[in-house]
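Data first, discussion second: the structure below is written as structure tokens.
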Amino acid sequence: MPLDDDKGILNRADEFMQVFKKGAEFTQELLRENERLRFRILEMENIHSASPAAQADSGETMRLMQRISELESEKTEILERIRQIEEENKDFANRYVEIESENNNLANLYIASYQLHSTLDFPEVLQIIIEIVINLIGAENFAIMLLDEKTSMLEAVASEGVDREDVPKVHMGEGVIGDVAKTGDNYFVPDLDLYEMNMNSPMVCIPLKIKEQCIGVLVIYKLLMQKKAFADVDFELFTLLAGHAATAIFSSRLYSDSERKLNTIQGFLDLLTK
Amino acid sequence: MQEYKVLIVEDSPTMRQLISFALKRLRGIKIVEANDGVDGLKKLSSESFDLVFTDINMPVMDGLKLVSLVRSDPNYKHIPIVIITTEGAQEDRERALALGASDYITKPIQPNRILDVTRSLLSIP
């Protein structure tokens, strides 16, 4: 029995060995096939990369990639330029508004000076000054004071919103009004909101000067309700208008005097000749 | 290009010139000036206007009377009227608007405001 058992074991061992050998052979065959296929893939890849079409595709791709990169940088440049142009546009718009405002002021000044020099009639000149101060400056209560050179006194010759008699007569150099007439410097109250109407101390006092000679002052006591504060341009406008007003007043007075003298002389001549 | 005719009724030559100067910036605007309400009415009856600017305080006939007469006349009642006023005269302004004024401008005169009001009332772009 044991012999039969041993024989059986040997047979099974042989069978196993044979199966094992076949398995090993099959494995080796698979490895060889794998090697062959890998070699074939490599071969195919080499053939593919070496073909002119593939090379052309690759070249085109490279060219397109480069173009994309160029376009990207162009786009960045264009965006930057747009940003700069938008900035410039904003500057131009601001400048346009400024120029428009300057243009308006110049037009107003032109009209004011044109009107002031359109007549040599003294009362008419005073009326025009009053209109300008109301309509261009926006003052409600104000007076025009002229200097009497003989007495060195400043006296109101025209007023608006206040009685002329209520405007004090001031000596040259006396108080705010007299000081402005003496120094020839413009006076503005530091804070309009804190100002309380005082006939001796106006909120604005502008000398009427011809060159360095002060012939009077423009005193403002109250602005129109909607005129809450002075704009930067107002200060310049005041001085320029005051200059023109002074010349117009001076010319008209000179003309009136010469007219009066002429009439007197003419009267004498008529008396002598008739 | 469409032409518009504007009547400025104002007793102050300075104001008339200020308004006229501002309006001349708009193309196709013809300006006619009148010294007071009566002169304004005369000019309204002799030619047609697209817009009227009028001051309130004027001799002979004031702006309020002018607004009232224009609005009660079927021939002119369609014409837009802009009154020129000071903020202090708020009652006058309200009365003028109640009488049929289309808009108002206040002193000191601002050319931009004149242009804005004109463009708006004449539908000029």
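Just so it is clear: chains get the letters A, B, ... in the order the sequence lines come, proteins before strands, and each one is counted from 1.
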Under 3.5 Å, side-chain donor or acceptor atoms of residues 238-249 of chain A against the rest of the protein: list the pairs with distances, not counting sequence neighbours.
from     : atom 1 : to       : atom 2 : distance (Å)
A:Thr239 : OG1    : A:Asn186 : ND2    : 2.9
A:Thr239 : OG1    : A:Phe235 : O      : 3.0
A:His244 : ND1    : A:His117 : NE2    : 3.0
A:Thr247 : OG1    : A:Gly243 : O      : 2.8

- Decide if atom OH of A:Tyr255 counts as having more than 12 heavy atoms of other residues, nucleotides or ligands within a radius under 6.0 Å. no
- Closest heavy-atom pair and its distance - A:Leu224, B:Lys107: CD1-O, 3.3 Å
- Residue A:Lys182 excluded, over 12 heavy atoms near NZ under 6.0 Å: no
- Message: For B:Pro13 versus A:Gln115, what's the shortest heavy-atom pair and its separation?
- Response: O-NE2, 3.8 Å
- Atom pair CD/CG of A:Glu131 and B:Asp11 - distance to nearest 0.5 Å: 7.0 Å
- Under 6.0 Å from the NZ atom of B:Lys65, do we count more than 12 heavy atoms belonging to anything else shown? no
- Item | Atom pair OG1/CG of B:Thr14 and A:Leu136 - distance to nearest 0.5 Å | 8.0 Å
- Note on the structure: Here the gap from B:Thr106 atom OG1 to A:Lys227 atom NZ, rounded to the nearest 0.5 Å, amounts to 11.0 Å
- Task: Below 4.5 Å from any heavy atom of chain B, which atoms of A:Ile137 appear? Answer side chain, backbone, both or neither.
- Result: backbone
- Find the one option among A:Gly138, A:Ala112, A:Ala139, A:Ser101 whose heavy-atom pairs under 4.5 Å with chain B are most numerous. A:Gly138
- Message: Listing request: all side chain to side chain donor-acceptor pair (under 3.5 Å) pairs with a residue in residues 102-114 of chain A, at least two apart in sequence or in separate chains.
- Response: A:Asn104-B:Arg25, A:Asn104-B:Asn112
- Counting only heavy atoms not in A:Glu196, do more than 12 sit closer than 6.0 Å to its CD atom? no
- In Å, rounded to the nearest 0.5 Å, how long is the span from CG of B:Leu18 to CD1 of A:Ile111? 4.5 Å
